[in-house]
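Single-structure report; data block below.
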There are 2 protein chains.
Amino acid sequence: MSSASASEPETGEILPDWVRPIVKESLSERAYRELRVALMRGQLRPDTRLRLRPMSARFGISATPMREALLRLVSEKALALDARGSVVVPRLALDQLLEIRAIRTDLEGRAAAAAIASTAAEIDALEAIHAQISQCHASRDFARAVNLNTEFHLSLCRLGGMPILYEIVKLLWVRCGPILSHLYDDGVPDWEPHPHRRIIDALRHGDSDAARDAVREDIERGGSGLFAHVRASPAG
Amino acid sequence: MSSASASEPETGEILPDWVRPIVKESLSERAYRELRVALMRGQLRPDTRLRLRPMSARFGISATPMREALLRLVSEKALALDARGSVVVPRLALDQLLEIRAIRTDLEGRAAAAAIASTAAEIDALEAIHAQISQCHASRDFARAVNLNTEFHLSLCRLGGMPILYEIVKLLWVRCGPILSHLYDDGVPDWEPHPHRRIIDALRHGDSDAARDAVREDIERGGSGLFAHVRASPAG
DNA sequence: GCCCGATGTTTGTTATAACAAATTACATAC
DNA sequence: GTATGTAATTTGTTATAACAAACATCGGGC
């Protein structure tokens with residue numbers, strides 16, 4: 001999704017190009033989206049301070065839209081405010097990671113169960129993502145595997161056809177973004193069959209219970225590499 | 001409302017109470033909170049336009065913090081942007097209401113199951129809220145009953161001890177705020193025993209399954225009065 | 001009556017400046 | 001060396017202004 005909307009109109013569309021939806025993206029929204037993908041890709045380390053004016057200078061915009069973008073991510077808990085009011089990349093606590101996993105168990109499980117209504121083509125696309133993941137595992141390209149794993153889960157979630165649930169789950173993934181690059185620090189799990197495969201098979205057979213259970217197992221048993229990068233539960 | 005800020009631990013605080021943290025609330029945060037309680041109380045009707053400058057004049061602040069407050073609520077989907085970019089109170093679609101109920105079933109159910117760890121005093125407080133609700137039903141004070149019902153669900157949710165889940169559920173309730181005043185349009189359900197009572201009893205007996213089931217039934221069977229105030233599903 | 005165009009107003013967006021509080025730098029005293 | 005006090009800078013916050021686009025108002029013409 002890099003450079004999703006170019007400013008210059010492109011040529012060679014089938015539809016008459018004058019009916020193309022006009023995307024009038026504000027500066028604050030563009031900064032928001034760029035920061036969010038940076039977070040999701042693990043390009044922002046925990047405890048990094050995002051100071052307002054240096055940031056707006058880097059983005060080439062003024063302080064007002066920059067502040068809007070930062071505060072929006074703060075409101076989504078993808079970023080946080082320290083005691084001074086500065087925006088920082090938050091460091092996840094153990095409690096929070098466990099809670100996020102529990103919530104994902106419920107929501108992604110429900111989405112997977114609802115996703116049995118997907119078309120064969122949609123399930124094929126999901127399988128294609130998993131095939132790429134397997135390739136990355138084989139070639140030890142873990143950085144790409146992490147992003148593909150995220151894409152797999154979010155794609156599955158979207159197949160559930162529940163937009164509100166999907167947005168919630170996406171927020172949870174963004175919150176985990178800064179530590180997500182350590183997903184495979186424990187090595188590649190060698191479960192057989194891989195939970196992703198069980199999910200895909202369950203979808204193909206229209207077995208909603210199996211799909212839900214497979215997702216839950218994937219969430220509960222996976223991600224052990226993350227625990228080394230969370231704070232101990234904050235006092236209390 | 002008594003549930004405004006995150007309640008400090010009432011008991012067992014070591015520091016003297018005069019060292020309580022100084023809350024330095026910014027103008028935008030104050031406006032945000034006031035707008036949110038207005039939404040949750042149903043004081044803002046769907047399709048109401050919240051224009052920037054008139055709003056900031058009403059709040060006695062400038063456009064910048066007012067815009068931050070409005071955009072924050074937009075980011076939470078408690079408000080929306082129309083085609084012009086104006087902030088409006090969104091009108092819930094049937095799909096969305098059903099989806100929110102499904103998500104609440106999962107999350108509030110999990111919170112209720114976790115809430116069996118609550119103290120007797122906490123459960124007493126929950127029961128006190130339900131007693132007030134019963135009183136309001138008897139005296140036909142539906143406006144207050146609606147707010148108390150919200151407070152019951154959110155209090156139960158908070159007892160689950162899962163802050164992230166609690167925040168998500170609260171967002172879902174805020175999104176329903178504008179139509180929540182019609183909760184009893186169908187009349188007062190006369191289930192016996194009331195699901196709230198089954199929840200309380202289950203918590204007292206430490207029966208997490210029963211607590212979860214009771215909450216789910218409360219969500220699934222209740223709120224029928226809301227359906228008359230949602231849009232038909234948008235094209236699809 | 002309706003339609004159409006000019007024109008003021010209001011809208012959202014962005015940039016900039018003013019302000020206080022916090023932080024840093026640095027010189028001075030011990 | 002450490003400690004301290006002061007000036008300079010940077011921070012977040014808020015207000016205000018400039019701008020274009022959308023909207024509303026109010027004409028005249030039919």
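Numbered from 1 within each chain, the chains take letters A, B, ... in sequence-line order.
Residue-level contact check: B:L52 touches the bases, meaning some heavy atom is under 4.0 Å from a base atom.
Surrounding CZ of A:R58 are at most 12 heavy atoms belonging to other residues, nucleotides or ligands under 6.0 Å away.
Each of B:V37, B:L35, B:L39 was compared with B:V174 under the side-chain contact (heavy atoms from CB on, under 4.5 Å) criterion, and only B:L39 meets it.
For B:E25 and D:dT14, the CD to C1' distance is 15 Å, given to the nearest whole Å. Put simply, CZ on B:R49 is 13 Å from P on D:dA22, counting in whole angstrom units. Across the protein-nucleic acid pair, B:M66 atom CE and D:dA15 atom C1' stand 14 Å apart, rounded to whole Å. Rounding to whole angstrom units, CG of residue B:D82 and P of D:dA21 are separated by 18 Å. For A:L71 and D:dT14, the CG to P distance is 10 Å, given to the nearest whole Å. If you take CZ of B:R84 and P of D:dA22, they are 11 Å apart, rounded to a whole angstrom. Rounding to whole angstrom units, CD of residue A:E29 and C1' of C:dG12 are separated by 13 Å. The CZ atom of A:R53 sits 12 Å away from the C1' atom of D:dT14 (whole-angstrom rounding).
Residues B:S62 and A:L50 each lie close to DNA chain D; by heavy-atom proximity, the contact nearer the 5' end of the strand is made by A:L50. For the pair B:P54 and A:A63, both in contact range of DNA chain C, the more 5′-proximal nearest nucleotide belongs to B:P54.
Classification of the B:H229-B:H182 ring pair by plane angle, with boundaries at 30° and 60°, yields parallel.
Taking only distance into account, the side chain of B:T64 meets the base of D:dT16 through a donor-acceptor pair shorter than 3.5 Å.
Of the candidate nucleotides D:dG12, C:dT14, D:dA15, D:dG12 has the atom nearest to the side chain of A:R51.
For the pair A:E76 and A:R36, the salt-bridge criterion is not met [side-chain N within less than 4.0 Å of a carboxylate O]. Ionic pairing of A:E108 and A:R104 is present here: one or more N-O contacts between side-chain nitrogen and carboxylate oxygen are shorter than 4.0 angstrom.
One finds a side-chain N or O of A:S86 lying less than 4.0 angstrom from the OP1 or OP2 phosphate oxygen of D:dG12.
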